[in-house]
Amino acid sequence: MKIARLDTRHADFDTRLQSLLHWSEAQDAGIEQAVAGILAEVRRDGDAAVLARTAQFDGVQAASVAELEIARADLQAAFDGLPAAQAAALQTAAARVRRYHEAQAAAVCQGWQYEDEDGSVLGQQVTPLDRVGIYVPGGKAAYPSSVLMNAIPAQVAGVGEIVMVVPTPKGERNALVLAAAFLSGVHRVFTVGGAQAVGALAYGTATIPRVDKITGPGNAYVAAAKRRVFGQVGIDMIAGPSEILVLADGSVSPDWVAMDLFSQAEHDELAQSILLSPDAAYLDAVQAAMERLLPTLPRAATIRASLEGRGGLILTRSMDEACSLSNRIAPEHLEVSSQEPLRWLPQLQHAGAIFLGAFASESLGDYCAGPNHVLPTSGTARFSSPLGVYDFVKRSSLLHISEAGARTLGPVAEVLAQGEGLQAHARSASLRLG
C-alpha cells in the first residue's frame, strides 16, 4: 500500500501537508443546474413536481404525495418486526443518544436574565423551532443511526413537529430506518428524496409542510439543494468527506489503530485517515498491520483507494507537536490513542469529536456512545460544532426597560443615533425622557 509518509522535520513538510489536506469542494456545474431546475419546479408546482421527480429518480409511481407518507402504525410495525438483537441494539443506542442530549439541553437551553441598577431587566429567552425536516438516505444505503442523531436532539429540544424524508428507490423501504424513526419520535415520514425533497421541505407543498430548518446527510444533489435553500430555511451544514485523525504515543495496539483508520476510509475514496506519532517504529508497525488486515475486509478496494489518495502517516517531533498539528488540521474525528489521554486534552482545541484512550474507538461514537455523530468536516471544526440540541432552538433577547432605565439610556442612544444621522431613532429615545 502506497500511503503517504510525512515527517515534520523535512523542509517540504508544509507543502506536502497542504497537498494531503486539499479537498476541492468546487461545485459541479451540471449538478447545480439540475438542482436549480428541480427546486424551481417544486416551488412552482408543489406536489406535482415532487411526484414527477420521485417517479423519475426513484422509480416510484404514486397518484398523490399522500400515498408517499408512511403512517405511524407502519413505523411501529417496522420496529415490532425487527429481529430481537437489532431491536435491542437500536433501543440501546436511542436511549444513550437521548440521555446525552438531555444533559446537553440542561446546559444550553436555559434562558437567563439580570436586573440593572435602575430596575431594567435584561436577558435571553430560549425557544424551540416549530418544525424541522430531517433528510435520511434510503434504499440500500440506509443509515438508521442518522435518524437517531438528527431526530432525537430535535425531540429533546421540544421541536413541535419533526418531518422526515427518505428516498425509497424502486419502493425499497428499510425496516431499520423506519424503526429508528418510530423510536426517535418522528411525527411524519415521506418516502421522497433528492433535491425535490429538500425543496418540498423548504417551500412547502399542499401535502408536505414547510419547515424552519433542514438537517441530515445526502448526496451531491441534496448538498447542492441545501446550499441553495439556505436563507429560506436554516440548515445544519454542508459536509465534506468523512475524516479521522489519530494521535498515538505508541502504547495502543497497531492493529486497533489500523482498523480505526480503515473505519473512515471505507466510507468512500475521498475519506481521509491520518495518523500522527512521534514514534517512527510505531508508524511502521501500523503500516504493517494495515497491509495484513486490509485483505480481510469486504470494502478493501475502497479503503485502499482512500488511504493511497488521501491517507497519511506523519512522524512528529513530540506528542506536543502532534497536538499542535492536530489543531491545525481540525479533524472531524480525533482519537487520542495514549496511556494518558487526559494529559493531552488541554492542548486540543479544534475537533468535531475527541475520543480519549485506547478503548474509545470512533465507531462507538458513530452508533451508540451518545454524543452526536453529525460533525464538522474539512477543517470547519475551527469554528463549527457537532449537531446538537442547540441547533433546534433559537434565542431571543429580552429588554424590559424601567422608566429610570429609559432616562439613563435615552441620552446615550440619542447621541449615538444623531451621530449616525438617524433622527427618528434619536427622537424615539428622547421622547421618553419627558
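All values below were derived from every heavy atom in this structure, side-chain atoms included, with hydrogens, water molecules and symmetry-related copies excluded. Bear in mind the structure is a predicted one, so any value in this text is a computation, not a measurement.
No side-chain donor from either of E161 and H187 sits under 3.5 Å from a side-chain acceptor of the other. A donor atom on one side chain and an acceptor atom on the other are not found under 3.5 Å apart for Q155 and S184. Side-chain atoms of D249 and Q339 form no donor-acceptor pair, as typed in the model, at a separation below 3.5 Å. Looking only at atom types and distance, the side chain of T207 has no donor-acceptor partner in the side chain of T205 under 3.5 Å away. Defined by atom type and a distance below 3.5 Å, a donor-acceptor pair is present between the side-chain atoms of Q287 and R5. In this structure, a donor-acceptor pair under 3.5 Å is absent between the side chains of T215 and D236. Checking T8 against E321 by side-chain atom types alone, a donor-acceptor pair falls below 3.5 Å.
The neighbour count for Q33 CD, taken as heavy atoms of other residues, nucleotides or ligands under 6.0 Å away, does not exceed 12. More than 12 heavy atoms of other residues, nucleotides or ligands lie within 6.0 Å of CZ in F383, so this atom counts as buried by the packing criterion. The neighbour count for Y367 OH, taken as heavy atoms of other residues, nucleotides or ligands under 6.0 Å away, does not exceed 12. Within 6.0 Å of NE2 in H267 there are more than 12 heavy atoms belonging to other residues, nucleotides or ligands. Remark: R328 CZ is packed, more than 12 non-hydrogen atoms of other residues, nucleotides or ligands lying under 6.0 Å away.
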Residue pair V35, R228: steps toward the side-chain contact (heavy atoms from CB on, under 4.5 Å) verdict: CA-CA 9 Å; V35 166; R228 281 184 172 269; 4.0 Å; yes

Might you work through the side-chain contact (heavy atoms from CB on, under 4.5 Å) test for Q264 and I303, ending with a clear yes or no? CA-CA 8 Å; Q264 291 308 296; I303 293 171; over 6 Å; no

Can you list the steps and then say if Q272 with S306 is a side-chain hydrogen bond (donor to acceptor under 3.5 Å, both in side chains)? CA-CA 7 Å; Q272 184 156 67; S306 168; over 6 Å; no

Run the side-chain contact (heavy atoms from CB on, under 4.5 Å) check on M290 and F262 step by step: do they pass? CA-CA 8 Å; M290 293 166 75; F262 289 169; 3.8 Å; yes

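Using a 4.5 Å heavy-atom cutoff, the side chains of S326 and L348 are in contact. Between S146 and H373 the shortest side-chain heavy-atom distance falls below 4.5 Å. Taking the side chain as every heavy atom from C-beta outward, V121 and L398 never approach each other to under 4.5 Å. Side-chain contact between L387 and F392: present, with at least one pair of heavy atoms (C-beta onward) separated by less than 4.5 Å. Residues L297 and E266 form no side-chain contact, since every pair of their non-hydrogen atoms from C-beta on lies 4.5 Å or further apart. Taking 4.5 Å as the limit, some side-chain heavy atom of T191 sits within range of a side-chain heavy atom of R173. Side-chain atoms of Y282 and V286, non-hydrogen and from C-beta on, do get closer than 4.5 Å to each other. Here the side chains of S385 and P376 are not in contact, with every heavy-atom distance at 4.5 Å or above.
The pair E32-R227 meets the salt-bridge criterion, since a charged nitrogen lies less than 4.0 angstrom from a carboxylate oxygen.
Residues that satisfy the side-chain contact (heavy atoms from CB on, under 4.5 Å) test with Q104, not counting sequence neighbours, are Y100, H101, V108, V389, Y390.
Distance check: L334 CG to I354 CD1 gives 5.5 Å after rounding to the nearest 0.5 Å. Distance CZ/R53 to CG/D58: 12.0 Å, rounded to 0.5 Å.
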